[in-house]
Amino acid sequence: MIPSYYEYYNPVKVVAGNKAVDNLPYELEQLGAKRPLVVTDRGVVGAGLMQIVADAFLGQEAVLAAVYEDTPPDSSVEVVNEVARLYKKNKCDSIVGLGGGSAIDTAKAVNIVVTEEVDDLITLMGAEVLKKELKPFIAIPTTAGTGSEVTLVAVVADTKRGIKMPFTSYYLLPKVAILDPRMTLTMPPKITAATGMDAMTHAVEAYTCIQKNPLSDAHATAAIALIRDNILTAVKKGSDKAARFAMANASLLAGAAFSNAMVGVVHALAHGVGGVCHVPHGVGNTIFLPFGMEFNLDTVGDLYGELLLPLAGEDVYFNTPKKNRPARAVEAVRDLNRQLNKACGLPITLKQAGVPLDKLEDAANAAVNDGAVTYNPRGVDYEDALTIMKAAYDWL
Amino acid sequence: MNDEMVSHRWKPRKKRGKTFMVQAGLFLLGRALEAAAVLDPDVRREVEGWKDPMTIMLHVHSEGPTMVLKKQDGVLRYAGSSPVDADLTIFFKNLESAFLVFSAQMSSPQGSAEHRVSLKGDAGQAMSLIRCMETTQAYLFPKFIAKNVLKKVPPMTLKRAGVRAAILGVGVPIGLGRFAGLVR
Ligand SMILES: [Fe+2]
């Protein structure tokens, strides 16, 4: 069903495939830039990925003006301001985000600071502060899940006040996203599984949230089918380039879907346990996805029924009577969770994720205050959130 | 300024092998095209249709290996490896993309389909040049490579074997353009 009104926006040029990173200098030049600052982290450097990026500048007019290698897993205002100083000191003219969600989000936030020419991100707090085109920005994801390379949000922690500041603006979208199979080959199995399930959650929630539309739907179903066919291979045999590349594509597709259709209760719950108990985002989504689907079953069961096709494939879909398909779709996700748990020890209960029982109330409270509940097809109150948390605690 | 203020920690590693391969491939192709324009009737006809004088450059963006061809007084000549302002420039966006094509891992049409190759100048002229390159490559490559990277491989007749021998024996080492008057 097509909504009576919707908006969809994704202007990111996608450069994807064999040796794609070698096109970085060329793409920068196309944007009128020759002195990029690369924002990355220790893990990326350690895996040799930064060197691959550096090598791409051989014999090119564009040069690596500066590289920031110390992005922490949860980026903060201090980090953003430090990187912005590096940008100015080295007379950079563009930004490259190389890494997982944190490095790319940091790069986005740095872009705000250097474009608005302020010394501190905090002075730009508030909605709709961005009024002008930012510096050329290219994203190169090294995980396959966040979809940050096609989203318009950057989340940065304000460590002094202990909150996460989301910045949302169309200007934050990268000009180019580069997907290169070489960039995700070294991701460890557990992170591959968790980030892959984050992408799965983006796609499933985008397909069922109240902002869904035909374009986000097409991206979401394509992403789910790719994840179904490739996540286990990528986890068990990390060197499989085809599976890695498929997962990178799925992540981008799911990112484009949820950037336009938003996410719902599963993300709200994951943010809850993430904020209160530091459960990694992908792990939280893995644990809550089947429970969130169950929670929404009465409201959008028919949509889950449709998702059984990309989730489980043709045979299962056609052999399941229509009325059983919604519940079967939940079961397909649970199956996948069990298989991932077996393959790499990915936590699929809150207990396995190390969440103490006495923190569930705090986490549920944080979840209902999360923006994502706004877009969930069914209203979520504190009791709902707590019930789901308890159910997800130790269900095995 | 672009050369002075750069990251000193992160430098591109030299790719001497790949650079040499591409440079050698460009040289080979340049000299072979020069010879084919004399010896092969199809290439000769194509080159006759080009404006005169004109300069063509095959190039790896932005400071990579280069090959220049010049047509003057009806004769196509290989004109060295220094970049010039050409009437038609066909360029690879980077060395890796050029290497894929010059190591025969990828055909040129596939290279264009993957946006690895781009051009400045008249697209129709470029099509003609690409047809000439395909014909020339059919002489250069052994059959088992040619059939992977060329759309059609003409059968090796005695006449074609002679042309191949002339391209490889005279055209590539010393250039055949200078003998254009004699052969015609
Ligand atoms: Fe997410």
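Lettering follows sequence order; numbering is per chain, from 1.
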Tell me, with the steps shown, if A:E116 and A:K132 meet side-chain contact (heavy atoms from CB on, under 4.5 Å). CA-CA 8 Å; A:E116 299 288 337; A:K132 60 180 174 187; 4.1 Å; yes
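- Residue contact with chain A, scored on non-hydrogen atoms closer than 4.5 Å, involves the backbone and the side chain of B:K93 alike.
- Interface residue A:Q51: backbone and side-chain heavy atoms are both found under 4.5 Å from chain B.
- Here the side chain of B:R31 pairs a donor or acceptor atom with the backbone of B:V172 at under 3.5 angstrom.
- For the pair B:K120 and B:F91, the cation-pi criterion (under 6.0 Å, within 45° of the ring axis) is fulfilled.
- Note on A:C92, A:A56, A:A65: by heavy-atom pairs under 4.5 Å with chain B, the leading option is A:A65.
- Other residues, nucleotides and ligands place no more than 12 heavy atoms under 6.0 Å from the CE atom of B:M127.
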